[in-house]
Asks: 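This is the structure, below, for whatever I ask next.
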Amino acid sequence: GDKADVISRLVRRNQIKLAKITEQTQGTYLLSLESASGNRLLQLAYQLACQGLTINILDVSRSASADTVYAARMEVQHAK
């Protein structure tokens, strides 16, 4: 399927909350994610790379709202 569908499917499979997905330019997506597990966020990045997406930005931090939640910002694009 299309890359946005692949991203959404993998996010759901990893039980990560997709707060926002924005297509910035053709084939480049900015994701805002939340998870109770930082490891799940890293696993998602690996799985996206295996699907042919390049990770340009991966920024993971503790959420300001809750200490037990990680917030991530990820920019991915179609590998050239």
Side-chain angles (χ1 to χ4, degrees):
D2 123 301
K3 289 298 181 190
D5 291 339
V6 170
I7 292 167
S8 295
R9 187 181 69 239
L10 288 173
V11 166
R12 279 194 312 273
R13 185 181 297 159
N14 284 285
Q15 299 175 335
I16 294 170
K17 179 182 173 188
L18 180 61
K20 187 175 178 185
I21 181 170
T22 308
E23 187 168 8
Q24 294 186 296
T25 59
Q26 186 63 36
T28 302
Y29 300 91
L30 185 62
L31 315 175
S32 296
L33 307 157
E34 290 182 359
S35 176
S37 168
N39 288 333
R40 284 187 192 261
L41 293 166
L42 296 177
Q43 187 175 23
L44 173 65
Y46 171 77
Q47 291 171 354
L48 290 171
C50 289
Q51 291 294 320
L53 291 158
T54 301
I55 312 295
N56 294 334
I57 298 170
L58 176 56
D59 181 20
V60 180
S61 59
R62 293 252 185 206
S63 173
S65 60
D67 285 345
T68 57
V69 176
Y70 291 91
R73 190 172 60 96
M74 189 182 302
E75 183 185 274
V76 298
Q77 74 178 47
H78 292 276
K80 295 194 167 71

Asks: Check the hydrophobic clustering (I, L, V, M, F, W, Y; side-chain heavy atoms under 4.5 Å; chains of links allowed) and say if Y70 and I55 are grouped together.
Replies: yes
Asks: Minimum heavy-atom separation for I16 to E34, with atom names?
Replies: CG2-O, 3.4 Å
Asks: Considering the options L30, L33, I57, which one meets the side chain to side chain contact (heavy atoms under 4.5 Å, CB included) requirement together with M74?
Replies: L33
Asks: Can you tell me how far the NZ atom of K3 sits from the CD atom of E23, to the nearest 0.5 Å?
Replies: 12.5 Å
Asks: Do V11 and V69 land in one hydrophobic cluster if side-chain heavy atoms of ILVMFWY residues count as linked below 4.5 Å?
Replies: no
Asks: With rounding to the nearest 0.5 angstrom, report the CG to CD1 distance, L31 to I7.
Replies: 5.0 Å
Asks: Return the set of residues passing side chain to side chain contact (heavy atoms under 4.5 Å, CB included) with T28 (not counting sequence neighbours), or none when no residue passes.
Replies: Q24, T25, E75, Q77
Asks: For the side chain of K17 and the backbone of A36, is there at least one donor-acceptor N/O pair under 3.5 Å apart?
Replies: no
Asks: Of the non-hydrogen atoms in S8 and L18, which two are nearest, and what is the gap between them?
Replies: OG-CD2, 4.2 Å
Asks: Are L10 and V60 linked, directly or through intermediate hydrophobic residues, by side-chain heavy-atom contacts shorter than 4.5 Å (ILVMFWY only)?
Replies: yes
Asks: Is there a donor-acceptor contact under 3.5 Å from the side chain of R40 to the main chain of N14?
Replies: yes
